[in-house]
There are 2 protein chains.
Amino acid sequence: MNKFYEIFRDLKQKIDQKEYPAGSLLPSELNLAQMYNVSRETIRKALNLLLESGYIQKQQGKGSIVLDIQRLQFPVSGLTSFKELQEGQQIDSQTIVIKNKTEKIPRYLAEQFHLPEDTDVVSLVRLRKISGEVIILDKDYLLHDIVDSVPTEAAEVSLYGYLEKECKLTIAYAKKEFVVEPITQEDQKYMNLKNDTHVVVVKSEVYLEDTRLFQYTESRHRLDRFKFVEFARRKHTLL
Amino acid sequence: MNKFYEIFRDLKQKIDQKEYPAGSLLPSELNLAQMYNVSRETIRKALNLLLESGYIQKQQGKGSIVLDIQRLQFPVSGLTSFKELQEGQQIDSQTIVIKNKTEKIPRYLAEQFHLPEDTDVVSLVRLRKISGEVIILDKDYLLHDIVDSVPTEAAEVSLYGYLEKECKLTIAYAKKEFVVEPITQEDQKYMNLKNDTHVVVVKSEVYLEDTRLFQYTESRHRLDRFKFVEFARRKHTLL
DNA sequence: CAGCATTTGTACGTATGTATT
DNA sequence: CAATACATACGTACAAATGCT
């Protein structure tokens, strides 16, 4: 693997283990370069990864301050699958696949993405149980051109794992939209909704490395269990 | 200003104006370096900014593909103030300050951040009207140690503008949390809530460059008008 | 399928500017 | 003012992926 990535991992681990405690300064870039026997630029790339993931804050003339990531224990936003989320949090969870078949794309999606009405998609519906309750209903549409089919086993365990490892697809980026919508009959039928009238819906358009659209997902969450956390940096100059 | 930032702005503008249309390739890094008369690394830094803001997708061996940012017209997540949001979208909006005074920190915040109970904060409550309706209720707490007071005028126009320009504070990063909560009497009193029983709450902890906590905000949104969009990149290797 | 040119990714080295202490 | 540390910029070399011949 890359040098800068290895160094990033090593530093991250040392921060997690409080070898570099929160509030302290990392060794200077020059020192780190000597310690790891690499050039300063390689160190800077590693530090940038730490910066983006909320591990450190850099200050010109001073150094790299270790942040208190304890209280920031979460999927620093980005594109993370349910499975990967669980792994980070050790919650008892379960996935139930209640639909897995190839069919024509729903009309509203064909329109939204300017696709032919007879486009084939692999349509998945999955329930996510946490502590025995159905908290999330996931509806996935995968373009059949790109993914032939999905073994139900894979959909239960890790869809992204299957797509990336087995199908050799490289997922690159996504546009995500968070809204609140009234519940549907389907929500009512499958989720443990109590008296809720609404669910939080996360709509994702997922794209491959070559910029082809490949997946559309609606992740429907019970209101009282929904939480999304992100670490954001201010971009003073960007706009 | 920086060269790489100027080049970023220039390229962004050219993409917006379709001089480099969506789906096309940018000139190669070497070509761009010659065009702008800078080194390749400077170009790469500019391209990285474009990458992070969702303007392009890079592919090794191929080039930088311009993305269809039209459909991604939004505040690419991050730390953006209400005022800045509006400016990007040209919506008729109005801010009404209904509270602006220095007082003791609320107990739950003192506990959450391990601050003394007698900590002073500037407490702001603001209503955000869009098209005549109160859609958002913002509750801000600014540490009095850092900000002495806020002119109501500034709280109406642009709090961040005031803090950054007048107070010379550098806002660096924030932890944001999105949840849905039952409405309070305060929500009921000030917002146009119809029959809603819940609001979307965005809780932000905002930190300065020197990592000092400086602001805590709860932004309470009417369900039916809440929308949050983000552009996310998959980090295959990061965890 | 092999080979080649093109393009991006990684890494190193050096020099200079700017902020902090 | 001096030393230290991060930021920017240029240049070079080689590796890896892509696309074309």
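Throughout, protein chains are lettered first and strands after them, A, B, ... in sequence-line order, and every chain is numbered starting at 1.
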Enquirer: Could you state the atom-to-atom distance from CG of N2(A) to C1' of dG9(C) in whole Å?
Expert: 8 Å
Enquirer: Tell me whether the side-chain N/O atoms of K3(A) come closer than 4.0 Å to OP1 or OP2 in dC12(C).
Expert: yes
Enquirer: At a heavy-atom distance below 4.0 Å, which nucleotide of DNA chain D is the first touched by chain B, and which is the last?
Expert: dT8(D) to dG19(D)
Enquirer: Tell me: CG of L25(B) to C1' of dT8(C), nearest whole Å?
Expert: 12 Å
Enquirer: Could you tell me how far apart K45(B) (NZ) and dG9(C) (P) are, to the nearest whole angstrom?
Expert: 15 Å
Enquirer: I need the CG-P distance between D210(A) and dT7(C), as an integer number of Å.
Expert: 19 Å
Enquirer: Please determine whether a side-chain nitrogen or oxygen atom of R44(B) lies at a distance below 4.0 Å from atom OP1 or OP2 of dT8(C).
Expert: no
Enquirer: Could you walk me through whether L47(B) and L11(B) pass the side chain to side chain contact (heavy atoms under 4.5 Å, CB included) test, one step at a time?
Expert: CA-CA 9 Å; L47(B) 293 184; L11(B) 289 172; 4.1 Å; yes
Enquirer: How do S64(A) and E41(A) order along DNA chain D: which one's closest nucleotide is nearer the 5' end?
Expert: S64(A)
Enquirer: Any donor and acceptor pair, going by atom type alone, linking the side chain of R126(A) with main-chain N or O of A155(A) inside 3.5 Å?
Expert: yes
Enquirer: Would you mind telling me which residue lines up with the more 5' stretch of DNA chain C, R40(A) or F4(A), judged by nearest nucleotide?
Expert: F4(A)
Enquirer: Grab the CG-P distance between N31(B) and dA5(C) for me, whole Å please.
Expert: 17 Å
Enquirer: Working note: Q59(A) + T170(B), criterion side chain to side chain contact (heavy atoms under 4.5 Å, CB included); need CA distance, chi angles, decisive distance, verdict.
Expert: CA-CA 11 Å; Q59(A) 228 180 313; T170(B) 307; over 6 Å; no
Enquirer: Determine whether F113(B) and L143(B) satisfy the following criterion, side chain to side chain contact (heavy atoms under 4.5 Å, CB included), listing intermediate values before the conclusion.
Expert: CA-CA 12 Å; F113(B) 295 110; L143(B) 286 186; over 6 Å; no
Enquirer: Between K62(A) and dA19(C), is there a side-chain N or O to OP1/OP2 distance below 4.0 Å?
Expert: no
Enquirer: Using whole Å, report how far CE of M1(B) lies from P of dG17(C).
Expert: 18 Å
Enquirer: Send over the distance from I65(B) CD1 to dT7(C) P, rounded to a whole Å.
Expert: 14 Å
Enquirer: Provide the closest heavy-atom pair for V150(B) versus N100(B) in the form atom of the first, atom of the second, distance.
Expert: O-ND2, 2.8 Å
Enquirer: Tell me, please, which residues at least two apart from D120(B) pass side-chain hydrogen bond (donor to acceptor under 3.5 Å, both in side chains).
Expert: K104(B)
Enquirer: Checking side chain to side chain contact (heavy atoms under 4.5 Å, CB included) for the pair R44(A)/K58(A): CA distance, chi angles, key distance, verdict?
Expert: CA-CA 11 Å; R44(A) 284 176 60 76; K58(A) 298 182 79 170; 3.8 Å; yes
Enquirer: Identify, between Q60(B) and G61(A), the residue whose nearest nucleotide on DNA chain C lies closer to the 5' end.
Expert: Q60(B)
Enquirer: To the nearest Å, give me how far apart CG (L30(A)) and P (dA15(C)) are.
Expert: 14 Å
